[in-house]
Amino acid sequence: MLYREALNRAIDETMAADGTVVVLGEDVGLYGGSYRVTEGLVAKYGEERLIDTPIAELSIVGNAVGMAMAGLRPVAEIMTANFSLLAFDQIINHMAKYRYMSAGKIALPMVVRFPQGVSRQLAAQHSESYEQMLSAVPGLIVLAAGDVNYAYHALKYAIMSDDPVVFIEHELLYNKKGEVDFDADIDPFKARIVKEGSDITIVSYLKMVDDVMEAVPQVEKELGKTCEVVDLCSLNPVDYKTLEASLKKTGRIVVVEEDHKTGGYGAQITSWAAEEMFYSLDAPPIRIAGEDVPIPYNRTLELAAIPTPEKIAKRIAEWGKTNGL
Amino acid sequence: MLYREALNRAIDETMAADGTVVVLGEDVGLYGGSYRVTEGLVAKYGEERLIDTPIAELSIVGNAVGMAMAGLRPVAEIMTANFSLLAFDQIINHMAKYRYMSAGKIALPMVVRFPQGVSRQLAAQHSESYEQMLSAVPGLIVLAAGDVNYAYHALKYAIMSDDPVVFIEHELLYNKKGEVDFDADIDPFKARIVKEGSDITIVSYLKMVDDVMEAVPQVEKELGKTCEVVDLCSLNPVDYKTLEASLKKTGRIVVVEEDHKTGGYGAQITSWAAEEMFYSLDAPPIRIAGEDVPIPYNRTLELAAIPTPEKIAKRIAEWGKTNGL
Amino acid sequence: MNKLLAEEIYYNMVLGRTFELAAKEHYMAGDISGFLHLDIGQEGFSVAAMKAFEKGDVFTTYREHVMAIARGMDPRAVMAELFGKAGGISRGRGGSMHLFDPSHFFYGGDAIVGGQIPNAVGCAYARKFQGSEDGVMVIFGDGASNGGAFFESLNIASAQKLPLLFVCENNGYAIGTKITRVAPFEKQAKKAEPYMMTKEVDGMDAVAVYEAVREAQELIQAGHGPVFLEAMTCRYEGHSMSDPGTYRSKEEMGICKSKDAIERMESYLKTMYGLTDTQLQGVQRRAQATVDDAAAFAAAAAEPELSELFEDVFCKERVNASF
Amino acid sequence: MNKLLAEEIYYNMVLGRTFELAAKEHYMAGDISGFLHLDIGQEGFSVAAMKAFEKGDVFTTYREHVMAIARGMDPRAVMAELFGKAGGISRGRGGSMHLFDPSHFFYGGDAIVGGQIPNAVGCAYARKFQGSEDGVMVIFGDGASNGGAFFESLNIASAQKLPLLFVCENNGYAIGTKITRVAPFEKQAKKAEPYMMTKEVDGMDAVAVYEAVREAQELIQAGHGPVFLEAMTCRYEGHSMSDPGTYRSKEEMGICKSKDAIERMESYLKTMYGLTDTQLQGVQRRAQATVDDAAAFAAAAAEPELSELFEDVFCKERVNASF
Ligand SMILES: Cc1ncc(C[n+]2csc(CCOP(=O)(O)OP(=O)(O)O)c2C)c(N)n1
Ligand SMILES: Cc1ncc(C[n+]2csc(CCOP(=O)(O)OP(=O)(O)O)c2C)c(N)n1
Ligand SMILES: [Mg+2]
Ligand SMILES: [Mg+2]
């Protein structure tokens, strides 16, 4: 099953099971979603539950907040992460805060989904990642689907959760193939050990997990050591328990993210490692991240702006060698 | 001179010297600014240069971008940080990116100023800090004025700079008194050593610098050691050279910020320390920050949500003691 | 308007003003802090609108104490909220700008100018979807009528034919900025004309407001789609307690106060139903007693526990299960 | 319209279409990537609007190749930008959606729907402030006419009486969504009626577009404040190269293509100025040669140096001085 099909199925099943689930966004209905995530659903559930909205992101999220207040379970799609900036007031000042400000009187069972990241030459206004901004907002759950099975289970959870959830997808994952274990009991807040290993903990999420996995054989060969690869899955809250266990075993941590290095999300993981796990560290915790530049259109420059499997492998091997591995 | 007077003077002098400087925002003209920063300027420069705008933050920044494209030097005021979220599309997708996307053809000599932080019981929609979000955007300079003298010089620099600058003020600093050395040659990108010391580097910015300074005597007494207090001043770019020199001397670093701990700006400073200065560290680098909750109205809860001089002193002393100081 | 209703509205207006005056005093005494936006001068609108739109959901702004009380929320719980106490309607976490009570279909209490309007649109969508006929009322100021959230909402509510009553409470000012300095015209209903039926009402005339809102809700209930109502009002105080309000002349304020909605309602009750000054004073005393009681309650109420700082960030079940 | 101008417009329309067809081919061949939004079908509008608003600043969207060329930007530099080459107008960093050329008063090239409109408002403010009379033209789609940025701009431009020409290029669709499904009416000029003079023009008729834009600019130059023009157009291709465009029926497309602006311009030239098919073919050949040359240039052009990745994030002087 493709990643986008897994997402589609998660929405489909929750819509079938719960008549209060509605989907809204640009081209989500008749068009089937610009990444085909909602394909076929309007035929099943009608235009009242697959709501094609105008290009008005502030309203898309703002309306979803109001729907949730009134007892629906809206799933709002923002076509691309960059456009979500137009809705940041509704996401941060409203969606994240009504429950707290109302002392729990108002619950917002809603999801805001969007794809993010560097795709293929979409340039600076269509290539960004906002997990660092949104994971810093108390009151929001932030899930990042880097895996087909996780995407299915986590989205179902998100839709049926009574908390507001930001659900992040990656533009390059929609056609990724994977197995879905429909009966599995997945805790969406638990980090996923993608590969076990004993010498280096590599933490990542979304598409970078795949790039890390591609880099690992090279690293292991060069260093003669094994890597443990962790997909964070939930970016807020973070499953620090899993990270702690892994780090205690390996003594070394590398965080790989696609976003710009300055201010990127990964800083809080290495910062946590330094603050909470200092005496378990056998080497400086490092971050491999994108360059501090807007994303350029030219393909060579674009690839130079973000981590690639080659760059990841090279950097980890170098760091390992200069730090006693 | 008060902090707000220093800001006023910086704007006044640049407006007098350069006829292309214009100020725009809600109540900045006839009313004089809701924190009185632009008081008296409309009488001097007229309504065409002190532009009262409607409550439309997206347009305030968006119009400033257009003005800058056309050769003016707009200084846009957003009344409170929270409202800047409505302008995040213009700040991040436009203000930060036009120079890069146009290969340098378009320069945006403009400033977006706003006060942020926890003031006194303004509750969740009026008490936030967005330096972590905005410092992560390539193409934006982010300056944070924690000091009266710096406020004056840095704002003058910001207005006359050809780069887009986000200039952050703190709500509780407007009536802070300080000396301004008008003839000083201040590099706005250089961190300010507020107090020298040899055992602990405490890094902070904005109002927390004052809280740290209040906490330091207690810390020094309890530990029998001296603290070096650094005001970052420029949040992007960061003056890592000054931090490096201090850290090499002290071997210990504490970052104090008002914002929520999860995802807060400080993570990238401790993360940098762990990654780049690992072998100089004699203790885990720690962060003292706000709780991961929206800011509540009740005063006791509000103070419980953020660092205070007492909490800062207590935490640093504890950490010092358990880490060999 | 029948006598019972007129008396009820009058009582609530007096209650509202008395409440606001007490809040002002307690602000100056330091019992209340933060931003306090008083509704003095605008009570006629606030009370009549709430009473007229009794059934249906209401969304409004930070200037909402009087509306909350007229809606049926306990003045004790409202005053305690202003005091930041645990007995407050939002347990002291929201304060003056964030009064919420879904049991009264009252959704705040939003302090982002215009921010509540898209929420009301979504709520109206949900009500239509759920088959409820009463509709939703969203109240906002003239200042909010210049923001993207407002405009997008007019367009969407119209395109989706939602049961939504837009009410612009036009007091002529956004803090210190006169509406005509930042918009091309004074009356904001003009902006809604391409999208829906619009109406203007004298917001200083509670009876007229009541009727206009009833009429508008009836149109909505009949499936007419959204309606826009503009109520011209006047605030007597500064924008909030921190605004000295020097931008309005004495003359302007004089004209403004000469239309006092409470006095007008008193005349109405006297003329239409022969109420006497003694009877009106009785109402005033009753209001005063209620406010005194609310203030005493608020003063005596407990502070929230420190542990409440961490409550309701997320829903309890999940937090317990997963953190 | 005089013959010279009509021929110039015709040439640019043919050049535009030829350019777009070449771009499409090169996209399919893998020389161009990312989102490619073709203007085919809408060239009549794009060219005539640029020619009519020769003096003054222009802001537009991601669907701007034809406009950029008609504005006077070198087809080589435009094609090289689509190829992502260093010889591109944005040195390969912007791509198809981000063509900028301040020397032609052309400010992009914005890929955030509606995002350029507030920028144009600010530019218009600056031009008025600077005493320039030509004004600013901002072009956007029907889809953009539902967003907050658009609405706020109508209000501000009107309140400040700015020399700004709003042009809605209404092709009936925002990607796959028909405008009438998400807005209450088809013609978006209605939204501007409370604020300014509005006019509609057949966007498939280049001569009419030229005249309408000239007239509008003259009003602006005369200090009339903002003007709104709606041009009804039709795009022949999908929204971008990744859109199969299945949401429009064959019938609809047939009607749409039957109004072809280029054919119409050919008739005009034949009828008004007696141009022959041979002469028109000459123009087409000239256009083809220019496009072939541009494509050859783009193909042969150098890739940007890797160091360019870090250029123009900040201005050079400061970066060198301070980092
Ligand atoms: C988005 C946003 N911008 C600015 C503010 C600051 N502010 C609070 S109230 C206000 C004026 C609002 O005026 P209006 O809508 O007319 O309401 P009124 O206060 O007159 O009832 C402003 C500018 C805010 N709270 N939110
Ligand atoms: C703010 C924003 N939301 C969504 C998109 C995705 N998107 C790109 S073009 C487009 C349709 C725009 O339609 P219209 O304004 O009619 O212009 P047209 O493409 O028809 O010329 C959409 C939804 C975007 N680029 N920006
Ligand atoms: Mg007002
Ligand atoms: Mg369109």
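Letters A, B, ... are given to chains in the order of the sequence lines, protein chains preceding strands, and every chain is numbered from 1.
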What are the two closest non-hydrogen atoms of C/Asn146 and D/Asn155, and how far apart are they? OD1-ND2, 2.8 Å
Can you name the nearest heavy-atom pair linking D/Tyr195 to C/Pro184, along with the distance? CD2-CG, 3.9 Å
Is D/Phe150 in contact with chain C via its backbone, its side chain, both, or neither, using a 4.5 Å heavy-atom distance? neither
Pick from D/Ala149, D/Gly225, D/Gly148, D/Ser145: which one has the most heavy-atom pairs with chain C under 4.5 Å? D/Gly148
Do the side chain of D/Glu152 and the main chain of C/Gly147 share a donor and acceptor less than 3.5 angstrom apart? no
Looking at C/Glu54, I want to see if its CD is surrounded by more than 12 non-hydrogen atoms of other residues, nucleotides or ligands under 6.0 Å. no
Would you indicate whether D/Glu133, at its atom CD, is surrounded by more than 12 heavy atoms from other residues, nucleotides or ligands within a distance under 6.0 Å? no
Rounded to the nearest 0.5 Å, the CZ atom of C/Arg181 sits from the CD atom of D/Gln160 at a distance of 10.5 Å
How many angstroms lie between atom CD of D/Glu193 and atom NZ of C/Lys191, to the nearest 0.5 angstrom? 16.0 Å
